[in-house]
Amino acid sequence: MKLASRVAKVKPSETLAITAKANALRAQGRDVIGFGAGEPDFDTPDHIKQAAIRAIEAGFTKYTPVGGTDELKDAIIAKLKTDNRLEYKRSQVVVSCGAKHTLYNLAQALFEEGDEVIIPAPYWVSYPDIVVLAGGTPVILNTLEKDGFKMKPEQLKASITGRTRAVIFNGPSNPTGAAYSPDELKELAAVLVDTDIFAISDDIYEKILYADFPFANLAMADPRLKDRTIVVNGVSKAYAMTGWRIGYAAGPEEIIGAISKIQSQNTSNPASISQKASVAALNGDQQVVSMMVAEFRKRKDYIVGALNDIPGIHCPMPGGAFYVFPNVSGLYGRSYEGKKITNSTEFIEYLLDGANVATVPGVAFGSDDHIRLSYATSLTNIEEGVRRIKDAVAKLG
Ligand SMILES: *Cc1c(COP(=O)(O)O)cnc(C)c1O
């Protein structure tokens, strides 16, 4: 069948594929421990669910304005002011069906053929494809493990050409957990100040930060960039609300208007009920967030230590999010049943088939020396899973 050529230009999300494969093995009765999930394992807090139930009972089940209700926009504006010291008007905020949808709409609004978009690697799987679907060209900037997977100002400078339209920032990062300090962002901002390049700041892991510095994004680090920064955030990760599908962007009125226009012709408004739940999340007790973060921190400390105990694996300490990104290239060249492991895909297949542990190959994020493990799963699962990985590695010839 002939499909539009854009279909062939994108690949399906690899993280969703590995979750599906692990689920299929479980359905066959295999006891698989999953480190693949890109979502909190906690339940959505009760006061948020109650707000949604009340919305349904009150009949708040119709279309809303395309870019979100004023009530939700005001909650987002208040959040950005309190947490980020950034001020926006309602016309500078748009709500979409998850931050992924926000990024997709934003790419459609900003990029076309010939536009280059700088994406630091390791990157979140969807960035390159979202850029490609808009007709743009991803320019991958490879960060180094020794730099904590953070781009350096000179690297950013070297990646800029006359066609550069935007840079995507994501800290804390999925998959590495790397978090930029306010000072590091200031240095990166200095590279962009005298250009007309847009900064897209994916702040989805803002709240899940372990570092000893406060969260910052580019607009916070250097106010001169606020008019060229589009802040993207959502409720999925901070409030364990991945299934509710609410994300948002704040930025220049013209770009936000363009996103709304595009959204008006694809999804219309995000779900009315989810919008009510998100108001409760943003305006409600924030202790639910700190409780989840405290739990993530315990798991992170355990999993980093346990992985570093395995000969051949080196696991850097993440500054945020709920992933570790260990370097497993020390095991490449070793073999099992006569088969040599030479890359991250072969290694994760060995772990899945040979040890019933689901992880994601680093190649999906632009680094074939690493694998990604999500520790959004119980400490008991983490202990058992890492024990299995250790046994599997010991069996390699
Ligand atoms: C999970 C995630 C998102 C998307 O979250 P939504 O559920 O679509 O709001 C965006 N960026 C990164 C880096 C993520 O990990």
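Remember, it's 1-based here, ligands and their atoms both numbered in the order they're listed. Since we're looking at a predicted model, the values are computed, not measured.
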**Check ion pair D391-K395 (N to O, under 4.0 angstrom)** =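 The answer is no: the pair does not qualify as a salt bridge.
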**Request:** Would you mind checking if R90 and D70 are paired as a salt bridge, meaning a charged N to carboxylate O distance below 4.0 Å?
**Result:**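 Result for this pair is yes, salt bridge flagged.
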**Request:** Applying salt bridge (charged side-chain N to carboxylate O under 4.0 Å, His left out), run through K79 and E206 and close with a yes or a no.
**Result:** CA-CA 12 Å; K79 179 256 172 255; E206 166 184 15; 2.9 Å; yes
**Asked** Excluding sequence neighbours, so at least two apart, what forms salt bridge (charged side-chain N to carboxylate O under 4.0 Å, His left out) with K11?
**Response**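 Residues passing salt bridge (charged side-chain N to carboxylate O under 4.0 Å, His left out) with K11: D129.
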**Message:** If the condition is salt bridge (charged side-chain N to carboxylate O under 4.0 Å, His left out), which residues does D31 pass it with, not counting sequence neighbours?
**Reply:**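 Expected list: R388.
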**Request:** Only counting residues at least two apart or in another chain, list the ones meeting ring pair (Phe, Tyr, Trp, His ring centres under 6.0 Å) with Y210.
**Result:**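 Result, ring pair (Phe, Tyr, Trp, His ring centres under 6.0 Å) vs Y210: none returned.
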**Asked** Protein residues near ligand 1, heavy-atom distance below 4.0 Å?
**Response**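 The 4.0 Å shell around ligand 1 contains G98, A99, K100, W124, Y127, N170, N174, D202, I204, Y205, S236, K237, R245.
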